Number of protein chains: 4
Amino acid sequence: MSTGSRADVGRTPRFARGKARAAALRAAAGQVIAERGYEAATMTEIAARAGASIGSLYQYYPTKKLIAAEVHAEYLDQLDQALVGLSTEAHTPAAMSDALFDTLTGFLARYPAFPTLAARRDIETSRKLASRTRLEESLEQSLASTRPPLPPEAMPGLAVMLLQQMKVVVALEASGREADRQAIEHIRRVLRRYLEHLVG
Amino acid sequence: MSTGSRADVGRTPRFARGKARAAALRAAAGQVIAERGYEAATMTEIAARAGASIGSLYQYYPTKKLIAAEVHAEYLDQLDQALVGLSTEAHTPAAMSDALFDTLTGFLARYPAFPTLAARRDIETSRKLASRTRLEESLEQSLASTRPPLPPEAMPGLAVMLLQQMKVVVALEASGREADRQAIEHIRRVLRRYLEHLVG
Amino acid sequence: MSTGSRADVGRTPRFARGKARAAALRAAAGQVIAERGYEAATMTEIAARAGASIGSLYQYYPTKKLIAAEVHAEYLDQLDQALVGLSTEAHTPAAMSDALFDTLTGFLARYPAFPTLAARRDIETSRKLASRTRLEESLEQSLASTRPPLPPEAMPGLAVMLLQQMKVVVALEASGREADRQAIEHIRRVLRRYLEHLVG
Amino acid sequence: MSTGSRADVGRTPRFARGKARAAALRAAAGQVIAERGYEAATMTEIAARAGASIGSLYQYYPTKKLIAAEVHAEYLDQLDQALVGLSTEAHTPAAMSDALFDTLTGFLARYPAFPTLAARRDIETSRKLASRTRLEESLEQSLASTRPPLPPEAMPGLAVMLLQQMKVVVALEASGREADRQAIEHIRRVLRRYLEHLVG
DNA sequence: TATGAATGAGAGTTCATTCAT
DNA sequence: CATGAATGAACTCTCATTCAT
């Protein structure tokens with residue numbers, strides 16, 4: 001707004017620091033939300049865990065909802081990145097099922113706040129919406145790239161279902177009970193068989 | 001043993017009047033938690049919706065956590081009741097899959113606070129633990145009653161998995177998106193095919 | 001809402017205490033607002049000065065704006081009461097001017113938060129609106145009761161003007177400077193002469 | 001004496017560039033304070049509206065109170081300038097009353113933050129005090145220049161009163177209600193008649 | 001026992017002010 | 001001098017819980 005033409009010279013380091021701090025804040029938010037849930041996660045703790053003051057947090061993210069939305073959008077983008085690789089190589093449906101399973105499972109293990117954020121319907125942003133749309137397209141594209149191909153009309157529902165299954169898996173992984181561990185194996189097999197069957 | 005540990009159950013109501021009021025309070029709690037989520041559900045609103053005063057609510061359930069645990073336990077018991085019927089008649093695995101699907105779906109539609117309560121790991125009670133154990137046994141028993149029978153070693157994991165699938169289904173039902181509706185159909189088919197396959 | 005039929009018996013003392021507390025809170029709010037202005041008046045200080053907790057304050061007045069509106073409405077009602085007496089006795093215009101001057105001056109000295117509250121256009125309530133309307137009618141009625149009578153068409157503007165003059169007077173009284181004291185005398189004379197002149 | 005005490009004036013800008021920026025900042029402060037009131041006016045918005053950074057704002061005016069005081073002082077000086085012209089020509093008391101009325105009304109329309117600033121008793125500066133004194137002297141001089149002359153002993157109080165009346169007028173002008181519009185006319189007549197009467 | 005007024009810790013958020021760049 | 005990120009005290013408001021009646 002009030003930036004003169006000379007401002008750019010010295011700005012790069014400031015800019016970089018700002019980006020780093022914003023990233024640290026998002027990371028902290030992800031941690032705290034994963035541990036405590038959305039409501040119980042306090043802005044104060046998020047700031048503290050990022051080594052920032054509460055005022056600084058609000059400078060970057062002026063609302064609790066907004067930082068949550070940004071964190072969620074970031075996760076969606078990460079997942080999108082992870083998925084684009086899958087559609088480049090040829091996969092059988094069964095192999096694709098396993099690849100998706102591993103990718104999504106790995107992702108959710110890394111970003112444990114994802115299910116919590118995904119469950120909230122009151123946190124929306126245009127940025128988040130865009131990320132979500134992109135992700136859904138990537139997932140469908142992965143599903144569409146198998147040899148032999150899956151029936152196109154099954155795609156949208158399939159994509160949604162797979163995502164949901166992953167959430168279940170991660171929830172079960174957290175518990176560590178023997179029955180839960182077995183359930184995960186069941187799900188893996190269930191999905192592989194189902195994709196195989198769809199092409200038959 | 002039949003009374004349970006009294007410490008975490010609040011005051012046991014001895015008269016019919018008290019029992020009815022306690023039930024009304026639990027019902028109200030279920031409603032409010034379903035509508036607003038656990039954190040946003042206030043004790044004041046729960047009491048008001050039950051036509052009681054907060055003081056009265058606290059007389060029966062001295063803690064928010066406790067009434068939540070009691071509501072959850074009640075739900076687990078209800079579901080247990082619904083399942084015991086399934087094991088009396090002979091079912092093929094596919095039929096059992098459908099029967100479970102319908103039973104669980106119906107249950108969750110009736111008690112929409114169930115997933116919310118089930119997701120919280122900080123709300124535990126000896127009473128709730130007992131109910132959960134009983135329920136898991138009933139589910140396994142249903143699965144064990146099919147003709148031809150499912151392999152016994154698959155049981156525990158299978159039971160857990162089926163429960164999780166139902167939660168997914170209910171979550172999807174709430175959204176109303178077309179892709180979500182299709183995903184539900186996928187899940188139903190996935191499960192039936194899987195149970196059929198297990199006996200082969 | 002959940003009041004049984006028996007509730008009334010023991011309620012009177014509780015009710016009376018509640019009314020007293022609400023009055024104490026309003027009085028405290030008036031004091032603090034008068035001393036510090038609306039923005040700088042904190043809910044915490046209001047509660048403390050009323051000997052109540054912050055939670056208690058919010059139980060009676062769930063918003064800062066709302067308690068301000070109630071205080072203002074109360075003041076308007078008080079002033080209305082003070083004015084109704086004036087129109088019962090016969091007054092010459094000059095005498096009425098003095099009587100109004102004294103009444104309003106006394107009122108404003110007693111409720112120093114009145115100008116502050118009257119100046120805010122963002123604090124409105126149906127209750128307050130009603131009180132204000134009633135007051136304006138009373139003022140006009142007082143002005144209309146003089147012998148000989150003032151010209152009716154002058155009334156509305158006259159009422160407004162007199163009210164404004166009173167605010168000025170009180171502002172000047174607060175300062176204590178000699179010139180301000182003289183200014184007050186000027187205003188008093190100005191008004192008396194003007195009302196006299198209007199009938200001529 | 002001519003420099004004033006430097007302690008409460010911030011850094012004196014020595015170059016034209018600095019003077020212009022300081023003026024822009026004061027203008028912005030005036031705007032924001034007029035629109036939002038003193039408390040709600042934020043230093044950030046003032047800086048932004050002047051096309052400056054907050055850092056820059058604080059370089060010139062190290063305190064919110066201080067910039068408010070400077071703005072107020074500037075206004076007082078402006079008004080002083082407007083008044084000195086009035087005493088040069090001969091006026092009857094009635095004409096002087098009208099001239100003052102128009103001058104003051106025009107001034108207040110141009111600097112709408114003036115009443116807001118004038119109302120605050122917690123913003124004082126030696127510079128502001130000096131400006132105020134000078135202004136009061138100019139007003140008294142104007143009043144003293146009428147033909148026939150007003151009684152000298154009435155002067156100080158008269159000056160204060162007239163200023164107050166103008167504030168009332170401006171407040172009423174802002175509302176736009178019919179009764180308020182009439183009230184303004186009453187005030188204008190009241191004052192003219194009073195000045196006329198004083199010489200009689 | 002039932003009631004609901006009272007409590008106060010704590011949450012989200014704002015903004016004047018500082019200071020490294 | 002200019003900049004704007006950083007700071008943290010302070011504010012409004014919420015809600016689980018207690019206790020006098």
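Bear in mind that the values here come from a model prediction, so they are computed numbers and not experimental data. Chain naming here is simple, since letters A, B, ... match the order of the sequence lines and numbering starts at 1 in each.
- By the side-chain hydrogen bond (donor to acceptor under 3.5 Å, both in side chains) test, D:K128 pairs with D:H72, sequence neighbours left out.
- For B:L66 and F:dA16, the CG to P distance is 15 Å, given to the nearest whole Å.
- With sequence neighbours left out, C:T116 forms a side-chain contact (heavy atoms from CB on, under 4.5 Å) with C:I33, C:Y38.
- Every residue meeting the side-chain contact (heavy atoms from CB on, under 4.5 Å) condition with C:E70, not counting sequence neighbours, appears here in chain and number order: C:R26, C:Y61, C:L66, C:R127.
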Exercise. Which nucleotides of nucleotides 6-13 of chain E have their base under 4.0 Å from a protein heavy atom (B), which only their sugar-phosphate (S), and which neither (-), written as one string 5' to 3'?
Worked result: BBBB-SSB

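- Taking C:Y58 as the reference, nothing meets the side-chain hydrogen bond (donor to acceptor under 3.5 Å, both in side chains) condition, with sequence neighbours excluded.
- For the side-chain contact (heavy atoms from CB on, under 4.5 Å) test, residues two or more places apart in sequence or in another chain that qualify with D:Y111 are D:Y75, D:Q78, D:F107.
- Qualifying side-chain contact (heavy atoms from CB on, under 4.5 Å) partners for C:A34, counting only residues two or more places apart in sequence or in other chains: C:P112, C:A113.
- Distance B:I67 CD1 to F:dA16 P: 12 Å, rounded to the nearest Å.
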Which donor-acceptor pairs under 3.5 Å do the side chains of residues 40-50 of chain A make with protein atoms, sequence neighbours left out?
| from | atom 1 | to | atom 2 | distance (Å) |
| --- | --- | --- | --- | --- |
| A:T42 | OG1 | A:E45 | N | 3.0 |
| A:E45 | OE1 | A:R36 | NE | 2.8 |
| A:E45 | OE2 | A:R36 | NH2 | 3.0 |
| A:E45 | OE2 | A:R49 | NH2 | 2.6 |
| A:R49 | NH1 | A:Q31 | OE1 | 3.1 |
| A:R49 | NH1 | A:E35 | OE1 | 3.4 |
| A:R49 | NH1 | A:E35 | OE2 | 2.7 |
| A:R49 | NH2 | A:E35 | OE1 | 3.2 |

Problem set entry | CA sep, side-chain torsions, deciding dist, call: A:L129, A:T125, side-chain contact (heavy atoms from CB on, under 4.5 Å) | CA-CA 6 Å; A:L129 182 58; A:T125 300; over 6 Å; no

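- Note that the two end axes of the helix from E:dA2-F:dT21 to E:dT21-F:dA2 enclose an angle of 10°, each drawn from 5 base pairs, rounded to 10 degrees.
- As rounded to whole Å, 18 Å separates atom C1' of F:dC1 from atom NZ of D:K19.
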